[in-house]
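Below you'll find the structure, written out as structure tokens, and then a few comments.
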Amino acid sequence: MSLLKEAFGWIIYNLYDVTNIYWLSIVLMTIIFNILILPLGIKQIKSTENMQKIQPQVKAIQNKYKNDKETMNKKVMELYQKNNVNPLSGCLPVLIQFPIVIALFGVLREPLIWVFAQSPEIGKSAVVEGFLWIKDLSQPDQLSVLLPNMAYADKIPGILPIITAILTYVQMQISSPQTVDKDQAAAGAMNSMKFMMPLMILFFSRTLSAGLVLYWVTGTIFRIAQQMIMRKLSEKKKAETA
């Protein structure tokens with residue numbers, strides 16, 4: 001993990017050397033990383049679309065072999081193979097980002113150690129340049145940043161965590177299947193997840209460094225734009241072939 005921290009620290013420092021703006025260096029690093037994993041993101045979106053297309057066939061198999069789980073699973077896997085669908089491919093971008101987020105948690109919480117180790121004086125001034133209302137990106141964005149004298153303000157999420165939660169909901173809304181799912185239990189679980197995940201993000205991000213939350217906000221905006229562009233291109237292709 002220390003190698004990842006050193007790598008990200010090196011990238012952010014060199015971007016800062018060009019921009020002289022710490023928060024912009026974090027944003028640019030996030031964009032570069034998301035561009036690098038763009039093929040995986042595109043594959044994930046296409047896999048999700050293919051999964052949606054064959055859902056009626058999956059439902060038919062599940063209904064036909066509901067009393068024979070072994071045969072049902074075999075037939076479903078055969079259907080996946082026939083249509084070149086990998087139900088686990090959608091997890092790959094998330095699995096890749098997991099160690100990234102853990103490494104960045106340490107880097108952005110202690111930028112003077114991981115980013116500005118060779119230039120601590122520059123780092124001290126760079127980090128406290130802040131971002132809009134945030135004075136120090138190594139500290140959490142809480143309501144106390146705006147209202148320091150308010151009781152329990154340090155327990156309440158600030159603006160950036162709220163934005164993160166909203167964007168997470170938007171992304172889940174966009175990426176959810178557009179067809180109506182007749183399985184009410186599955187549909188209910190999906191709708192619950194759409195609210196639970198943003199709330200979890202909101203809860204945890206209130207204690208994380210604002211720099212890490214800025215990374216998550218930037219990455220989520222990138223993925224939303226990616227999904228919208230992919231959907232528009234898919235709809236255009238369908239219209240041309242219709």
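Neither Leu167 nor Met200 shares a network with the other; the hydrophobic side chains, linked directly or stepwise wherever heavy atoms of I, L, V, M, F, W or Y lie under 4.5 Å apart, form separate groups for each.
Legend: ring pair (Phe, Tyr, Trp, His ring centres under 6.0 Å) pairs involving residues 23-46, not counting sequence neighbours, sorted by first then second residue: Trp23-Phe131.
Minimum heavy-atom separation, Gly219 to Thr30: N-CG2, 3.5 Å. Smallest separation of non-hydrogen atoms from Met72 and Ile61: O-CG2, 3.8 Å. Residues Met29 and Leu104 come closest through the heavy atom pair CE-CD2, 3.6 Å. Taking every heavy atom of both residues into account, Ser209 and Leu137 meet most closely at CB-O, 3.7 Å. Closest non-hydrogen pair, Pro39 versus Leu36, comes out as CD-O, 3.6 Å. For Pro157 against Leu202, the heavy-atom pair with the smallest separation is CB-CD1, 3.6 Å.
Not a single donor-acceptor pair under 3.5 Å links the side chain of Arg109 to the backbone N or O of Gly106. Counting only distance, with no hydrogens or angles, the side chain of Asp141 and the backbone of Leu160 share a donor-acceptor pair below 3.5 Å.
Every residue two or more places apart in sequence or in another chain that forms a side chain to side chain contact (heavy atoms under 4.5 Å, CB included) with Pro140 is listed here: Gln142. Residues that satisfy the side chain to side chain contact (heavy atoms under 4.5 Å, CB included) test with Ser138, not counting sequence neighbours, are Pro111, Val127, Asp136.
The closest side-chain heavy-atom distance from Val76 to Tyr65 is not below 4.5 Å. The shortest side-chain heavy-atom distance between Glu78 and Lys74 falls under the 4.5 Å cut-off. By the 4.5 Å heavy-atom criterion applied to side chains, Leu108 and Ile12 are counted as neighbours.
Ring geometry, Phe116 versus Tyr22: the interplanar angle falls from 30° to 60°, so the pair is classed tilted.
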